[in-house]
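Shown next, in structure tokens, is the structure this report addresses.
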Amino acid sequence: MSRILWVDDEIDLLQPYIIYLKGKDYDVTTASNGEDALDRLNEAVPDIVFLDENMPGLTGLETLQEIKRLHPEVPVVMITKSEEEHIMEQAIGEKIADYLIKPVNPSQILLCLKKHIHQHAIMTEQVQQNYRQEWSDISYMIDTATTIEEWQAIERTLSKWDIELENSSMRSLIDDQRTQANAAFCKWIAKNYESWFRGQSDNIQSTEEAPLMSHDIMKHAVFPLLDKGEKVLLCVIDNFRYDQWKTIQPLISEFYSVRTEEQYTSILPTATQYARNAIFSGLLPLQIQEMYPQYWVEEGDEESKNQYEKELVQTLLDRYRRRESFNYWKVNESDFCERVIAQLKGAHAPLNIVVLNFIDMLSHSRTESKMMRELAYDEAAYRSLTLSWFRHSPTYSLLRRAAELGFTLVLTTDHGTTRVKSAVQIIADKNTNTNIRYKVGKALNCNSKNVFTIEQPKRVGLPCPNVSSSYAFCTGSDFFAYPNQFNYYAQYYRNTFQHGGISLEEMVIPLVTLVPKK
């Protein structure tokens with residue numbers, strides 16, 4: 001039973017309301033002045049307070065201040081005959097929950113109670129009911145999907161329910177449906193991926209059926225804006241999933257409006273060395289290696305795999321004979337982001353590119369740190385950390401400043417990430433790479449039926465470190481582990497967020513164009 005404290009110097013005139021609320025199973029305590037109200041509050045903390053603004057002795061606003069000092073968590077609804085603006089503003093400044101003008105009717109009171117006491121329970125039940133009604137439709141979408149557009153719609157729908165049901169008792173149901181979706185999506189990728197590429201190793205072209213992919217992004221999303229004379233800020237957030245975009249969108253919407261929201265398909269492997277270099281060069285990895293060998297770093301090399309991004313952007317502009325100048329920043333630390341904000345004001349180049357590595361750093365630190373594993377235990381916590389980072393980091397200030405300066409914002413990523421759960425055993429030689437979602441090397445041996453292998457990498461635009469090299473990709477929530485200390489690594493990496501393989505979260509990723517709000 002919910003408890004109400006109603007404070008009014010004419011409380012006797014409100015008996016019909018009190019009888020009505022008791023009939024609705026509310027426990028109503030009354031007080032005729034502020035001092036008595038505070039005494040009642042000390043005896044038993046109510047779920048909500050209805051407070052008259054105009055009372056002798058302690059005024060409504062003075063009583064409100066005391067209630068908020070003693071019990072800031074209790075919602076207070078101010079009820080007054082006055083419609084004076086300064087009283088409303090003062091009450092709002094004291095963080096009232098609602099403001100009603102006398103005379104009020106029982107329906108208004110009941111609506112306030114549902115809004116401020118029962119809202120969460122009502123919304124949770126409604127969300128659960130809506131998901132139950134849509135569950136079979138989603139399953140049908142998964143069972144019948146045959147195009148990338150349909151898989152994009154599935155990822156949008158699942159992300160929506162991931163967010164809305166994250167604290168629900170139905171959490172396991174949406175998890176099972178995402179597992180079902182990923183199993184079907186991975187089979188679809190295995191069946192269709194190679195068909196998206198045609199040609200010889202020195203002239204690889206996508207077929208007409210190929211979706212928008214990593215190496216198409218600059219031509220598709222950035223060049224048309226430059227052609228229209230717009231100042232562009234391309235913001236690439238490493239390791240950024242579609243559900244994370246939807247989580248921070250409300251904050252970005254304070255100063256940017258969405259012009260277009262798309263999803264594109266990351267190339268394989270869904271890893272920075274391949275996917276992000278493809279974005280900035282407009283080429284597939286094999287083409288980078290053959291055309292610009294000085295900018296391609298092999299898997300076994302110790303140097304950074306993405307140190308030539310600025311140079312790759314220049315090669316792309318040169319090939320398309322574009323004359324635009326550009327700025328490029330890679331942000332790994334908050335202090336440097338502050339310097340980028342300062343430099344953005346004086347940036348005269350039409351194209352400005354910033355790479356933000358925080359979420360990728362969060363993903364890796366979660367793997368290595370026990371404390372971070374607890375903070376980002378599951379997808380809901382991972383989204384929460386992303387939101388907290390964005391709200392309190394200089395990135396928020398950077399994008400707000402970009403809006404003030406009139407930059408069109410293209411927000412995207414190179415790949416997403418997925419929470420891995422099951423280890424699969426693989427045997428490989430000592431020169432095989434260390435990523436646990438994909439392997440490239442000679443004589444890869446894995447018995448799992450859920451692994452997608454590419455025996456002729458050049459057919460899909462991937463380099464061959466050796467003549468007999470092949471690629472193996474984990475699908476869904478699997479990850480690779482070697483027979484040596486298999487159980488240790490299976491336990492160590494379980495429930496960590498990884499990338500490089502095949503899943504909706506890694507491959508179907510956001511590409512959003514935003515314009516500053518006036």
Side-chain angles (χ1 to χ4, degrees), residues 141-156 180-221 242 262-271 273-279 281-291 412 414-416 418 437-441 444 446 448-465 467-476 478 499-509 511:
M141 291 168 63
I142 293 169
D143 291 339
T144 60
T146 58
T147 67
I148 192 61
E149 291 77 16
E150 289 170 331
W151 285 114
Q152 289 171 349
I154 289 168
E155 174 60 14
R156 291 195 299 271
Q180 175 196 358
N182 264 324
F185 175 72
C186 295
K187 289 179 181 177
W188 183 80
I189 287 291
K191 179 181 178 182
N192 292 280
Y193 190 76
E194 290 192 23
S195 71
W196 295 342
F197 306 89
R198 290 291 184 268
Q200 303 301 315
S201 62
D202 60 346
N203 187 29
I204 295 168
Q205 299 292 331
S206 298
T207 69
E208 291 184 3
E209 294 78 18
L212 180 68
M213 300 185 78
S214 307
H215 52 292
D216 306 315
I217 295 306
M218 294 291 284
K219 301 189 292 288
H220 173 82
Y242 182 80
E262 304 174 83
Q263 293 158 285
Y264 82 93
T265 307
S266 172
I267 63 168
L268 294 174
T270 48
Q273 175 186 4
Y274 299 89
R276 200 157 81 203
N277 284 339
I279 290 175
S281 65
L283 298 169
L284 292 166
L286 178 61
Q287 294 171 315
I288 301 173
Q289 184 196 50
E290 293 181 340
M291 297 171 64
T412 190
D414 47 0
H415 56 78
T418 192
R437 286 282 287 168
Y438 79 94
K439 296 296 181 184
V440 52
L444 300 178
C446 180
S448 174
K449 63 181 180 180
N450 296 324
V451 170
F452 172 52
T453 59
I454 296 177
E455 301 293 343
Q456 296 178 282
K458 290 187 176 182
R459 294 177 59 179
V460 295
L462 291 176
C464 290
V467 175
S468 58
S469 291
S470 62
Y471 286 74
F473 300 93
C474 276
T475 62
D478 290 347
H499 60 270
I502 304 173
S503 68
L504 284 164
E505 299 95 317
E506 289 165 287
M507 292 189 72
V508 181
I509 45 182
L511 173 62

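In terms of heavy atoms, Leu268 sits closest to Phe452 at CD1-CE2, 4.1 Å. The shortest heavy-atom contact between Cys464 and Lys458 is SG-CG, 4.2 Å. Listed here is the closest heavy atom pair of Ile279 and Asp414: CD1-CA, 3.8 Å. Taking both residues in full, the closest heavy atoms of Asn277 and Ile288 are given as O-CD1, 3.7 Å, listed atom of the first, atom of the second, then distance. Ala278 and Ile267 make their closest contact through CB-CD1, 3.8 Å (heavy atoms, listed as atom of the first residue, atom of the second, distance). The two atoms that bring Gly476 and Thr418 nearest to each other are O-CG2, 3.9 Å, heavy atoms only.
Looking at Tyr264 and Pro211, their side chains never come closer than 4.5 Å, going by heavy atoms from C-beta outward. Here the side chains of Ser266 and Ile509 are in contact, with some heavy-atom distance below 4.5 Å. Residues Tyr274 and Pro463 have side chains in contact (heavy-atom distance under 4.5 Å, counting atoms from C-beta outward). Ile217 is listed as a side-chain neighbour of Leu511, based on a closest heavy-atom distance under 4.5 Å. Side-chain contact between Met507 and Trp151: absent, with no pair of heavy atoms (C-beta onward) separated by less than 4.5 Å. In this structure, Tyr242 and Val508 have side chains that are not in contact, with every pair of non-hydrogen atoms separated by 4.5 Å or more.
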Determine, step by step, whether Phe185 and Glu155 satisfy the side chain to side chain contact (heavy atoms under 4.5 Å, CB included) criterion, reporting the C-alpha distance in whole Å, the side-chain angles of both residues, the deciding distance to 0.1 Å, and the verdict.
-> CA-CA 10 Å; Phe185 175 72; Glu155 174 60 14; over 6 Å; no
Between Glu506 and His415, is a side chain to side chain contact (heavy atoms under 4.5 Å, CB included) present by the stated rule, with each step listed?
-> CA-CA 5 Å; Glu506 289 165 287; His415 56 78; 5.6 Å; no
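Remark: Gln289 pairs with Glu298 by the side-chain hydrogen bond (donor to acceptor under 3.5 Å, both in side chains) rule, at least two apart or across chains. Not counting sequence neighbours, Glu150 has no partner by the salt bridge (charged side-chain N to carboxylate O under 4.0 Å, His left out) test.
In this structure, Asn192 contributes its side chain and Trp188 its backbone to a donor-acceptor pair below 3.5 Å. Here the side chain of Arg437 pairs a donor or acceptor atom with the backbone of Asp478 at under 3.5 angstrom. Here the side chain of Thr475 pairs a donor or acceptor atom with the backbone of Asn450 at under 3.5 angstrom. Panel note: side chain Thr270, backbone Gly501; a donor-acceptor pair is recorded below 3.5 Å.
With rounding to the nearest 0.5 angstrom, the CG atom of Leu284 is 5.5 Å from the CZ atom of Phe197. In this structure, Glu149 CD and Ile154 CD1 are separated by 11.5 Å, a value rounded to the nearest 0.5 Å. Interatomic distance, Leu286 CG to Arg459 CZ, rounded to the nearest 0.5 Å: 13.5 Å. Atom CD1 of residue Ile148 and atom CD1 of residue Ile189 lie 5.5 Å apart, to the nearest 0.5 angstrom. Here Ser469 contributes atom OG and Gln456 contributes atom CD; the two are 13.0 Å apart, rounded to the nearest 0.5 Å. From Met213, atom CE reaches atom OG1 of Thr265 across 6.0 Å, with rounding to the nearest 0.5 Å.
Note: Tyr438 and Tyr471 have parallel aromatic rings, judged against thresholds of 30 and 60 degrees for the angle between ring planes.
Donor-acceptor pairing under 3.5 Å is recorded for the side chains of Glu262 and His220.
Within 6.0 Å of atom NZ in Lys219, more than 12 heavy atoms from other residues, nucleotides or ligands are found, so the atom counts as buried in its surroundings.
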